[in-house]
Amino acid sequence: MTDKTLLQDLNARGLIAQMTSEDELEQHLAEGSVTLYCGFDPTADSLHIGSLVPLLALKRFQQAGHKPLALVGGATGLIGDPSFKAQERKLNDDSTVANWVEKLKGQVSQFIDFDSGDNSAEVVNNLDWTRDLDVLTFLRDVGKHFSVNQMIAKESVKQRIDREGEGISFTEFTYMILQSFDYQQLNASHNCTLQIGGSDQWGNITGGTELTRRMNGNKAFGLTLPLITKSDGTKFGKTESGTIWLSPNKTSPYAFYQFWLQTSDADAYGFLKYFTFLSVEEIDALEKADAARDGRPEAQSVLAREVTRLVHGEEGLTAAMRITEALFSGNLSDLSEADFEQLQLDGLPSSSLADADLAETPLTTLLSEAGMANSGKQIKDALQRNAVIVNGVEKGMGDNMKAAEVFASEHGTYGRFFLVKLGKKKHHLFVI
RNA sequence: GGUGGGGUUCCCGAGUGGCCAAAGGGAUCAGACUGUAAAUCUGACGCGCGAGCUUCGGUGGUUCGAAUCCACCCCCCACCA
């Protein structure tokens with residue numbers, strides 16, 4: 001990044017959706033270390049991969065010598081951001097939010113460096129400066145700077161205002177003011193002059209730059225990152241089993257790795273630019289090499305490796321790759337008994353059949369309860385298509401009531417391991 | 001508080017007394033083809049291996065029969081006050 005400015009690199013990666021006064025921002029960043037912030041609201045006990053782009057962007061700025069502040073929304077999380085949300089959200093109680101705030105702090109901290117001298121990162125919580133703010137002060141000192149006419153005109157709340165059958169409460173409508181206030185406060189306390197966020201945050205960010213100018217008399221900048229979309233138009237970051245979380249407790253490193261590995265060709269190179277620190281040149285070279293070769297491209301495996309390492313570390317990546325290798329290479333017979341135990345430790349989904357009543361329980365129940373499918377119907381469908389494979393042997397509907405036979409010790413690897421494959425991608429280890 | 005419009009299976013959205021477990025689309029899952037890709041085609045898609053069971057905001061009612069009709073209640077939206 002020596003021969004290019006940070007903004008040029010971000011731009012080459014397609015990571016800039018919008019910014020305020022581009023030329024001035026470029027100059028501002030060139031003048032020295034800038035303090036910037038990005039907010040993360042606690043809407044669950046973990047962030048998901050949707051937050052990865054801004055999180056990595058903070059790191060990109062830090063690598064370029066700037067000082068990142070990660071804001072967790074202890075206050076805004078209590079309100080709920082209405083931006084581009086079709087419906088009013090239900091409120092979470094404050095102990096829940098407080099608990100989530102703690103979890104997010106830990107996650108956010110993984111990505112930025114807290115010990116790098118002048119530009120060490122900091123984590124801040126907006127509850128710290130809003131908790132004791134009283135209504136009248138808020139209305140007089142902050143609220144007075146906002147025009148409802150302008151707020152209503154924001155694209156981010158338009159569908160809530162215009163759409164038949166929906167509305168917006170005053171609570172959520174005020175969210176924008178709270179976030180603007182955060183920026184103004186951080187500007188005053190930390191000399192923060194740049195806020196970044198997803199493109200849905202544009203309205204909230206510009207609100208903050210305005211408020212900072214009015215209350216502090218300071219120039220403040222904003223930059224938004226693009227919303228990640230997939231080429232086929234489906235939602236990024238969701239699968240059948242739900243959201244891809246950053247917490248290993250909610251999405252195992254193995255599942256996380258698999259998610260990236262299954263990226264389509266059309267998205268892979270873009271995702272490499274968004275989600276990794278490989279240089280644009282390296283990625284372009286990879287794309288050329290893949291195009292020149294027949295068969296399977298390398299992009300997905302590079303992507304999966306890089307991102308898994310970023311989020312779950314070298315250990316998580318090793319575990320994920322170990323499972324992948326064992327399950328998809330096709331030669332399970334090479335695995336030792338200790339290998340099976342290691343796979344369980346690595347996070348291969350597994351369950352014990354010790355307590356199960358195999359004589360009475362159909363496979364449909366057994367496999368769906370183990371989490372291989374959401375309902376027995378799906379198992380049934382798979383059985384009818386011979387898509388259930390136990391230790392390499394196809395099972396059909398006829399075996400449904402014969403769980404005791406299927407899982408009999410003499411059929412198990414080392415007398416007790418049964419690797420069940422559902423379709424091409426789902427695996428589950430049963431142990432007796 | 002008044003008037004009008006709404007609340008249907010994950011989402012959107014048909015259905016206005018039996019032919020409704022409820023059209024259609026999307027999402028998702030599985031099969032074929034492939035490369036653990038995309039596109040395409042096929043199947044599944046409330047729950048249950050099955051017999052069968054439980055649904056259409058809630059509670060009661062009318063009826064042989066209700067998502068559909070009636071009463072009351074809850075929630076959402078628009079306009080008025």
Side-chain angles (χ1 to χ4, degrees), chain A residues 85-91 157 159-172 229-244 254-272 286-287 290-291 293-305 308 320-321 323-330 348 357-369 371-389 394-406 420-428:
Chain A
K85 301 282 191 315
Q87 289 176 326
E88 184 88 9
R89 290 197 277 170
K90 77 174 199 328
L91 295 173
V157 293
Q159 56 175 317
R160 292 283 288 279
I161 308 269
D162 292 350
R163 193 181 170 188
E164 187 81 7
E166 290 300 335
I168 183 167
S169 67
F170 179 70
T171 308
E172 285 198 6
T229 55
K230 292 205 292 181
S231 54
D232 63 5
T234 58
K235 197 168 164 49
F236 169 75
K238 298 264 193 206
T239 66
E240 167 231 9
S241 39
T243 306
I244 305 296
Y254 164 67
F256 189 84
Y257 179 85
Q258 285 289 323
F259 169 80
W260 294 103
L261 200 60
Q262 287 165 24
T263 305
S264 72
D265 294 2
D267 293 321
Y269 305 96
F271 285 5
L272 279 165
L286 178 65
E287 184 166 7
D290 277 344
R293 187 161 7 97
D294 278 340
R296 195 173 178 180
E298 261 181 45
Q300 284 88 341
S301 54
V302 174
L303 177 67
R305 272 203 305 278
T308 306
M321 289 179 71
I323 299 176
T324 298
E325 172 66 19
L327 298 184
F328 291 91
S329 69
L348 172 64
D357 182 358
L358 296 181
E360 290 297 318
T361 319
L363 290 179
T364 47
T365 306
L366 225 42
L367 303 198
S368 58
E369 278 179 1
M372 295 192 77
N374 293 326
S375 73
K377 277 255 171 52
Q378 290 182 9
I379 307 289
K380 181 185 161 191
D381 182 48
L383 280 169
Q384 283 167 344
R385 290 161 173 269
N386 291 324
V388 174
I389 296 167
E394 285 184 3
K395 298 296 172 191
M397 247 339 244
D399 298 301
N400 192 30
M401 294 311 294
K402 296 180 188 159
E405 191 186 316
V406 171
V420 178
K421 197 170 152 194
L422 171 65
K424 277 185 291 197
K425 298 173 201 162
K426 284 184 213 163
H427 300 81
H428 194 99

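Order of the sequence lines sets the chain letters (A, B, ...), proteins ahead of strands, with each chain counted from 1.
- As judged by a 4.0 angstrom heavy-atom cut-off over every strand, A:Lys235 is placed among residues making no nucleic acid contact.
- Look at A:Thr364 and you'll find a side-chain N or O under 4.0 angstrom from OP1 or OP2 of B:C49.
- Remark: B:C10 base-pairs with B:G26. Criterion, Watson-Crick or G-U wobble with two distances under 3.5 Å.
- Between A:Asp290 atom CG and A:Gln300 atom CD the span is 7.5 Å, to the nearest 0.5 Å.
- The partner of B:G60, taking Watson-Crick or G-U wobble pairs whose two distances both stay under 3.5 Å, is B:C70.
- A:Ala266 comes within 4.0 angstrom of nothing in the nucleic acid, heavy atoms only.
- Rounded to an integer number of Å, the gap from CG of A:Asn374 to P of B:A27 is 17 Å.
- The base-pairing partner of B:C19, taking Watson-Crick or G-U wobble contacts with both distances under 3.5 Å, does not exist among the strands shown.
- Nucleotide B:U54 has no partner under the Watson-Crick or G-U criteria, as no pair reaches both atom distances under 3.5 Å.
- If you check distances only, the side chain of A:Lys377 does reach the base of B:G48 with a donor-acceptor pair under 3.5 Å.
- Atom-to-atom, CD of A:Gln300 to C1' of B:A38 comes out at 10 Å; the value is rounded to the nearest Å.
- Between A:Gln262 and A:Ile168, it is A:Gln262 whose nearest contact on RNA chain B lies nearer the 5' terminus.
- Comparing A:Leu261 and A:Thr234 against RNA chain B, the residue whose closest nucleotide sits nearer the 5' end is A:Thr234.
- Computed from coordinates, the A:Ile244 CD1 to B:U28 P distance equals 12 Å when rounded to whole Å.
- Searching all strands for a Watson-Crick or G-U wobble partner of B:C79 with both distances below 3.5 Å returns B:G2.
- Considering all non-hydrogen atoms of both residues, A:Leu286 and A:Ala299 come closest at CD2-CA, 3.9 Å.
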(request) Verify side-chain contact (heavy atoms from CB on, under 4.5 Å) between A:Leu383 and A:Thr364, making sure each step is shown before the conclusion. (result) CA-CA 9 Å; A:Leu383 280 169; A:Thr364 47; 4.3 Å; yes
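- One donor-acceptor pair, N or O on each side, does fall under 3.5 Å between the base of B:G35 and the side chain of A:Asp265.
- One can place CG of A:Asp381 at 11 Å from C1' of B:U42, the figure rounded to the nearest angstrom.
- In this structure, the side chains of A:Asn400 and A:Ile379 stay at 4.5 Å or more apart for every pair of heavy atoms.
- Listed candidates were B:U36, B:A39, B:G43. Nearest to the side chain of A:Arg385 is B:G43.
- The phosphate of B:A37 (OP1 or OP2) has a side-chain N or O of A:Lys425 nearer than 4.0 angstrom.
- Taking atom C1' on both B:U9 and B:A27, the two are 14 Å apart, rounded to the nearest angstrom.
- In this structure, B:U40 and B:A32 make a Watson-Crick or G-U wobble pair, each of the two defining distances being under 3.5 angstrom.
- In terms of phosphate contacts, A:Thr365 brings a side-chain nitrogen or oxygen within less than 4.0 Å of OP1 or OP2 of B:C49.
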